[in-house]
Amino acid sequence: MIERYLLMVLTVLMNDRATRLLDLQGGFGGLDPDGLASGLWARLEGGIECRGEVVCLAPVPAHADDAPGRFQDLTGWGCSHTDFHLEDFVPVDITYAEGPIIGVDAQRILLRQGIALAREVGRLAAAIKSIADRAGRG
C-alpha cells in the first residue's frame, strides 16, 4: 500500500506595506481564485499529479521517476520544477532599465494573483487527498 501524507498549510508573511496595498485588514476572503488570471489558470489546467515520490503540477516531467535526481532532496527537485515568475503569466506593465521595474499597481495585482494561486493549488491538493481517502490510499 502506498501511503501519502499531505499537509496543506498556507503561510503568508508580508510586510505592513503589502498588507495595506492589498487592504487585508479583513483577511484573505477577497482574494478568491475566481479572479485568477487566464495565464495562471492555463498553468494549472492539468491539475496536480503524484508520481513516485513527488507531487507536482501536471504534466509531470518524465524525470520525476528519478527524483530527486541531481538535486540534494525532493524539496530541491520540487523548487526546480515549480519555479516560475507570476509576471510571465499575469498581464502587468513592466519596464526595464537595469532590471525589471514593477509599479505599485502591478505589484498589487501580482500579490493578489500569487495568493489566489496558492489558494487554488491548495484546493487542488486537497482534492487529490480526498480522492486518495475515498480510494482507501490516504
Glu87 (side chain) donor-acceptor with Ile94 (main chain) under 3.5 angstrom: no
Gln107 side-chain N/O to Ile102 backbone N/O, donor-acceptor pair under 3.5 Å: yes
Leu110 CG to Arg112 CZ distance, which is reported to the nearest 0.5 Å: 12.0 Å
Listed once per pair and sorted, the salt bridge (Lys or Arg N to Asp or Glu O under 4.0 Å) pairs that draw on residues 88-105, sequence neighbours left out: Asp105-Arg108
Verify same cluster id: Val60, Ile48 (apolar side-chain graph, 4.5 Å): no
Of all pairs that satisfy salt bridge (Lys or Arg N to Asp or Glu O under 4.0 Å), the ones with a partner from residues 57-75, not counting sequence neighbours: Arg51-Asp65
Interatomic distance, Trp77 atom CH2 to Cys56 atom SG [nearest 0.5 angstrom]: 4.0 Å
Heavy-atom closest contact (Ala58 atom, Gly46 atom, distance): CB-O, 3.3 Å
Sequence-distant partners of Leu44, side chain to side chain contact (heavy atoms under 4.5 Å, CB included), two or more places apart: Leu36, Leu57, Leu117, Glu120, Val121, Leu124
Beyond-backbone contact of Leu40 with Gln113, side-chain heavy atoms, under 4.5 angstrom: yes
CZ-OG distance between Arg43 and Ser38, expressed to the nearest 0.5 angstrom: 14.5 Å
hydrophobic_cluster_shared for Ile101 and Val104, side chain cutoff 4.5 Å: no
side-chain contact (heavy atoms from CB on, under 4.5 Å) evaluation trace for Cys79 with Asp83: CA-CA 6 Å; Cys79 290; Asp83 180 34; over 6 Å; no
